[in-house]
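Computed from a predicted model, the values in this text were never measured in an experiment.
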Amino acid sequence: MARIEIDKHSGYCFGVVKAIAKAEEHLYSKEELYCLGDIVHNNMEVKRLEKKGMKTVHYEEFAGLKNKKILIRAHGEPPSTYKTAERQGLELVDATCPVVLNLQKRVSKAYQEHKNDGTQILIFGKPGHAEVNGLVGQTQNTAIVVEHLADLVKVDLDRPVIMFSQTTKSLEEYRQLVEAITAGINPAVGFEHYDTICRHMSGRVLQVRDFAAANDLVFFVSDAKSSNGKSLYEACKEVNDNTYFISSPGEVRTIDVAGFQRIGISGATSTPRWLMEEVRREIEKKLQVSGESTQEL
Ligand code: SF4
């Protein structure tokens, strides 16, 4: 008998739960609601909310939008977005995650205190990611975004450095950057670094590894656009080679599930629980076709 388990730690973080709840609250009362960018990096969840009436707009359309109600998602936005919204008479439903909001304030404070003393503000993050754009915006777009060690060529190590991290980055890579800067920076100048990685995220890597190791076959469910999904999938794959990245339940049909005793389903912080449940039903159907019985955990 095969037993199928959904990773109890997987799925939305509280920041995303809050953003979706805010959207649903407005949609429930039939109010017209726009969302700036995908509410979550999961196409299927975006489509579900769009069916309920939410309209996703991207920055080009946002520039021309007037007198509407628009949701700011959990990643947050730079100050320029708030100014545009005000100018265009847009009513904001601000669902910026409180953890991100706090980080924006810290980056802004560091910028205000050091903007005239030659200090470089570094954001360890993915260039172009919405949260990173929101953070860089706190510094009049002067912060330097570093994602890899090779990006340190952009940093003048003879000038002071203050580094923050995007909330969803890897703790290990953050430590490597700190080590490299500490080793290379002129000892006469200061280097402050703040590990601002969300603990919901950093804890997930260890949990997901344990989960993958405890199963014979793992389906990791995520949208290909989710950077968090990509890194958690890689963590699973490192400990269990029988890990498959899928974005929709239909993809289960292409993967051989027969003969596995322990099947696990995990997901990113942007993967809805209902989607993982659908993946479970698809696995059950496949096992029944091959004559195997299943047990849910
Ligand atoms: S990962 Fe953390 S910081 Fe990012 S939205 Fe979720 S709770 Fe907020």
Side-chain angles (χ1 to χ4, degrees), residues 3-25 27 35 37-52 54 56 71 73-76 95-100 129-131 166-171 197-215 217-237 239-240 243-252 262-284 296-297:
R3 67 122 182 89
I4 305 171
E5 182 180 11
I6 296 180
D7 180 357
K8 66 175 188 296
H9 298 295
S10 62
Y12 293 154
C13 60
F14 74 86
V16 172
V17 168
K18 188 173 145 271
I20 290 176
K22 276 204 175 188
E24 288 194 308
E25 203 180 288
L27 295 170
C35 179
D38 288 345
I39 190 164
V40 58
H41 293 309
N42 190 287
N43 212 15
M44 299 194 70
E45 181 66 329
V46 170
K47 281 193 184 139
R48 185 185 73 84
L49 291 167
E50 285 180 346
K51 267 193 206 147
K52 291 188 172 192
M54 194 180 75
T56 304
L71 184 133
R73 58 197 170 164
H75 294 314
T96 306
C97 172
V99 178
V100 175
H129 187 285
E131 183 190 319
Q166 179 185 345
T167 58
T168 48
K169 291 303 279 179
S170 138
L171 197 50
I197 295 167
C198 173
R199 281 333 191 225
H200 182 90
M201 270 304 304
S202 55
R204 275 296 290 139
V205 174
L206 293 176
Q207 286 160 353
V208 91
R209 274 177 203 270
D210 288 349
F211 182 79
N215 283 284
L217 173 66
V218 176
F219 288 94
F220 190 87
V221 191
S222 170
D223 195 289
K225 277 182 287 184
S226 163
S227 46
N228 155 251
K230 193 167 163 278
S231 54
L232 290 177
Y233 161 72
E234 281 162 6
C236 284
K237 188 82 179 164
V239 294
N240 187 335
T243 300
Y244 293 89
F245 186 102
I246 61 169
S247 299
S248 67
E251 290 169 65
V252 169
R262 297 170 303 171
I263 302 176
I265 302 165
S266 189
T269 51
S270 51
T271 305
R273 177 83 188 188
W274 63 261
L275 187 55
M276 290 185 277
E277 296 285 0
E278 281 190 15
V279 168
R280 174 175 10 219
R281 283 192 284 280
E282 213 43 63
I283 298 170
E284 282 169 350
E296 282 189 10
L297 273 186

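Rounded to the nearest 0.5 Å, atoms OG1 (Thr243) and CD (Glu234) are 11.5 Å apart. Put simply, NE2 on His200 and NE2 on His9 are 10.0 Å apart, with the number rounded to the nearest 0.5 Å. Separation of atoms CG (Asn228) and OG (Ser222) is listed at 7.0 Å; rounding is to 0.5 Å. To the nearest 0.5 Å, atoms CZ (Arg273) and CD (Glu277) are separated by 5.0 Å. A distance of 5.5 Å separates CD in Gln207 from CZ in Arg204, rounded to the nearest 0.5 Å. Expressed to the nearest 0.5 Å, how far CZ of Arg280 lies from CD1 of Ile263 amounts to 11.5 Å.
Under the salt bridge (Lys or Arg N to Asp or Glu O under 4.0 Å) criterion, Lys22 pairs with no residue at all, not counting sequence neighbours. When the side-chain contact (heavy atoms from CB on, under 4.5 Å) test is applied to Ala235, the partners found at least two apart in sequence or on another chain are Val205, Val208, Arg209. Applying the salt bridge (Lys or Arg N to Asp or Glu O under 4.0 Å) rule to Lys47 yields no partners; only residues at least two apart in sequence or on another chain are considered. Take Arg73 and apply the salt bridge (Lys or Arg N to Asp or Glu O under 4.0 Å) test, not counting sequence neighbours, and it matches no residue. Scanning for ring-ring contact (aromatic ring centres under 6.0 Å, His included) contacts around His129 gives His41, His75, with sequence neighbours left out. Every residue two or more places apart in sequence or in another chain that forms a side-chain contact (heavy atoms from CB on, under 4.5 Å) with Glu251 is listed here: Ile246, Ser247, Ser248. For Arg199, the side-chain contact (heavy atoms from CB on, under 4.5 Å) partners at least two apart in sequence or on another chain are Leu171, Asp195, Ile197, Ser202. Applying the side-chain hydrogen bond (donor to acceptor under 3.5 Å, both in side chains) rule to Tyr244 yields no partners; only residues at least two apart in sequence or on another chain are considered. By the salt bridge (Lys or Arg N to Asp or Glu O under 4.0 Å) test, Asp38 is found to be paired with Lys225, residues two or more places apart in sequence or in another chain being considered. Legend: residues meeting ring-ring contact (aromatic ring centres under 6.0 Å, His included) with Tyr233, ordered by chain and number and at least two apart, are Phe245. With sequence neighbours excluded, the residues that form a side-chain contact (heavy atoms from CB on, under 4.5 Å) with Glu24 are Ile20, Arg48, Leu49, Lys52. Evaluation of the side-chain hydrogen bond (donor to acceptor under 3.5 Å, both in side chains) rule for Glu282 yields Arg253, Lys285 as partners, not counting sequence neighbours.
Residues Ile39 and Ala23 approach most closely at CD1-CB, 3.8 Å, considering heavy atoms. Ala268 and Thr271 make their closest contact through N-OG1, 3.0 Å (heavy atoms, listed as atom of the first residue, atom of the second, distance). Heavy atoms only, all atoms of each residue included: Asp7 and Ser266 are closest at OD2-OG, 2.8 Å. In terms of heavy atoms, Phe211 sits closest to Asn215 at O-ND2, 2.9 Å. The two atoms that bring Ala214 and Arg262 nearest to each other are O-NH1, 3.3 Å, heavy atoms only. The two residues Gly229 and Phe220 have their closest heavy-atom pair at O-CE2, 3.3 Å.
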*Take Glu284 and Ile4 through the test side chain to side chain contact (heavy atoms under 4.5 Å, CB included) and record every step on the way to the result.*
CA-CA 8 Å; Glu284 282 169 350; Ile4 305 171; 3.6 Å; yes
_side chain to side chain contact (heavy atoms under 4.5 Å, CB included) evaluation trace for Phe219 with Met276_ = CA-CA 9 Å; Phe219 288 94; Met276 290 185 277; over 6 Å; no
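Using a 4.5 Å cut-off on side-chain heavy atoms (C-beta onward), Val221 and Ile265 make contact. Contact annotation: the side chain of Ser226 approaches that of Ser270 to within less than 4.5 Å [non-hydrogen atoms, C-beta and beyond].
Between the side chain of Asn43 and the backbone N or O of Asp223 there is no donor-acceptor pair closer than 3.5 Å.
The environment of NZ in Lys230 is sparse: at most 12 heavy-atom neighbours from other residues, nucleotides or ligands sit within 6.0 Å.
No side-chain donor from either of Thr168 and Glu131 sits under 3.5 Å from a side-chain acceptor of the other.
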